[in-house]
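The structure appears below as structure tokens.
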Amino acid sequence: MDGQILIFIQEWMRSDFLTPVMMTITRLGDSGFIWIAISMVLLLFQKTRKAGWISFFSIAFCFLINNLILKNAVARPRPYETVEGLELLAARARDFSFPSGHACSSFAAACSYHRVLPRKAGIAAIILAALISFSRLYVGIHYPTDVLCGALIGIFGSLLVFRVWRRIEKMRAMMKKRRKK
């Protein structure tokens with residue numbers, strides 16, 4: 001079914017107008033570039049520093065789980081290697097397909113922003129994460145299940161890092177309170 005979805009996207013959604021847009025969007029997610037850049041900017045300001053750090057730690061967690069553990073353990077070939085008739089629009093990848101690193105880092109960062117930044121910024125980040133994730137299907141470099149699992153790992157990673165951050169903040173507040181007594 002994964003392959004059929006990719007063929008459907010290729011046959012019914014690809015267009016001369018949309019292809020350059022999707023190619024640009026997919027490149028934004030390369031190596032988590034856009035998310036790392038946004039997080040670096042967020043670190044510059046006291047008001048947004050927490051969002052920047054949580055995002056960085058979420059992306060790092062996801063890189064460890066996704067790229068160093070799961071991709072090598074599952075070793076799923078890329079769809080352009082196995083789905084007959086699928087045309088690849090992007091450069092060939094050097095690693096395995098499952099799970100999608102672009103989807104993982106995108107949702108890790110976007111969900112971090114959504115938890116910490118104002119609502120509009122968080123929603124914009126989630127929309128961009130969804131576009132980057134869909135672009136991976138559009139260009140033929142990932143299966144839908146790669147993208148779905150990558151996104152879920154990113155969401156989980158963000159939630160985990162956020163909860164750990166909150167616990168550390170609570171412990172610091174308790175320690176600070178004890179010092180004042």
Side-chain angles (χ1 to χ4, degrees), residues 22 24-76 93-137 141-181:
M22 285 294 154
T24 300
I25 290 170
T26 211
R27 281 189 210 108
L28 288 175
D30 289 353
S31 302
F33 169 76
I34 189 71
W35 306 112
I36 292 169
I38 292 169
S39 295
M40 288 175 66
V41 170
L42 293 173
L43 288 173
L44 296 175
F45 307 99
Q46 181 66 35
K47 190 174 181 180
T48 59
R49 195 164 289 145
K50 179 178 176 179
W53 282 119
I54 290 173
S55 176
F56 269 131
F57 288 127
S58 297
I59 292 168
F61 171 82
C62 287
F63 176 78
L64 174 71
I65 299 299
N66 229 40
N67 295 52
L68 300 182
I69 297 172
L70 288 175
K71 277 189 184 279
N72 295 311
V74 175
R76 185 180 197 184
R94 287 174 264 159
D95 59 355
F96 294 111
S97 190
F98 182 88
S100 167
H102 280 64
C104 190
S105 63
S106 293
F107 276 95
C111 288
S112 298
Y113 302 154
H114 188 266
R115 284 185 177 88
V116 182
L117 295 175
R119 183 174 167 84
K120 287 182 182 179
I123 290 171
I126 288 174
I127 290 169
L128 180 58
L131 286 170
I132 289 172
S133 297
F134 177 75
S135 76
R136 305 307 283 167
L137 304 175
I141 205 152
H142 276 294
Y143 292 101
T145 50
D146 299 342
V147 170
L148 178 62
C149 290
L152 290 173
I153 293 165
I155 292 165
F156 171 77
S158 171
L159 178 62
L160 180 68
V161 169
F162 180 74
R163 287 189 176 178
V164 168
W165 188 277
R166 249 188 9 207
R167 280 202 182 176
I168 291 170
E169 284 181 329
K170 285 180 184 179
M171 288 190 317
R172 282 183 180 168
M174 286 183 354
M175 288 172 64
K176 196 173 189 179
K177 197 174 187 180
R178 285 182 187 161
R179 284 188 209 139
K180 286 184 179 181
K181 287 183 178 183

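In what follows, residues are counted from 1 in the order of the sequence shown.
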All side chain to side chain contact (heavy atoms under 4.5 Å, CB included) counterparts of [X], not counting sequence neighbours:
X      : answer
Leu131 : Ile25, Ile127
Leu68  : Phe63, Leu64
Phe57  : Trp53, Val161, Trp165

Do you know which two heavy atoms are closest between [X] and [Y], and how far apart they sit?
X      : Y      : value
Asn66  : Cys104 : ND2-CB, 3.4 Å
Arg136 : Asp30  : NH1-OD1, 4.4 Å
Ala51  : Leu42  : CB-CD1, 4.1 Å
Ile123 : His114 : N-CD2, 4.0 Å

Who pairs with [X] by side-chain hydrogen bond (donor to acceptor under 3.5 Å, both in side chains), at least two apart in sequence or on another chain?
X      : value
Asn67  : none
Arg49  : Gln46
Ser133 : none

Atom [atom1] of [X] and atom [atom2] of [Y]: how far apart are they, to the nearest 0.5 Å?
X      : Y      : atom1 : atom2 : result
Cys111 : Ile54  : SG    : CD1   : 12.0 Å
Arg179 : Lys176 : CZ    : NZ    : 9.0 Å
Ile38  : Leu117 : CD1   : CG    : 10.0 Å
Glu169 : Arg167 : CD    : CZ    : 13.0 Å
Arg27  : Phe33  : CZ    : CZ    : 13.0 Å

Scan residues 32-42 for pairs that pass side chain to side chain donor-acceptor pair (under 3.5 Å), counting only residues two or more places apart or in two chains.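 Every side chain to side chain donor-acceptor pair (under 3.5 Å) pair that includes a residue of residues 32-42, provided the two are not neighbours, is Trp35-Ser106, Ser39-Ser55, Ser39-Tyr113.
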Sequence neighbours excluded - side chain to side chain donor-acceptor pair (under 3.5 Å) pairs with any residue from residues 115-124: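 For residues 115-124: Arg115-Ser158.
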In residues 144-156, what donor-acceptor pairs under 3.5 Å come from side-chain atoms, sequence neighbours left out?
residue : atom : partner : partner atom : Å
Thr145  : OG1  : Asp2    : OD2          : 2.5
Thr145  : OG1  : Arg76   : NH1          : 2.8
Asp146  : OD1  : Arg76   : NH1          : 2.8
Asp146  : OD2  : Ser97   : OG           : 2.2
Asp146  : OD2  : His142  : ND1          : 3.3
Asp146  : OD2  : Tyr143  : N            : 2.9

Checking Ser112 side chain against Ala108 main chain: does a donor-acceptor pair fall under 3.5 Å?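 Yes, the answer is positive, given that a donor and an acceptor are paired below the 3.5 Å cut-off.
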With a 4.5 Å heavy-atom cut-off, do Thr26 and Ile141 have their side chains touching?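 When only atoms from C-beta onward are counted, Ile141 and Thr26 do not touch, as no gap falls below 4.5 Å.
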Show every salt bridge (charged side-chain N to carboxylate O under 4.0 Å, His left out) that has at least one partner inside residues 100-113, sequence neighbours left out.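 Qualifying pairs, neighbours excluded: none.
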Test of understanding: with salt bridge (Lys or Arg N to Asp or Glu O under 4.0 Å), list the residues that count as partners of Asp95, not counting sequence neighbours.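 Here the qualifying residues are Lys71, Arg78.
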Met22 vs Phe134, side chain to side chain contact (heavy atoms under 4.5 Å, CB included): CA-CA, chis, key distance, verdict: CA-CA 9 Å; Met22 285 294 154; Phe134 177 75; 3.9 Å; yes
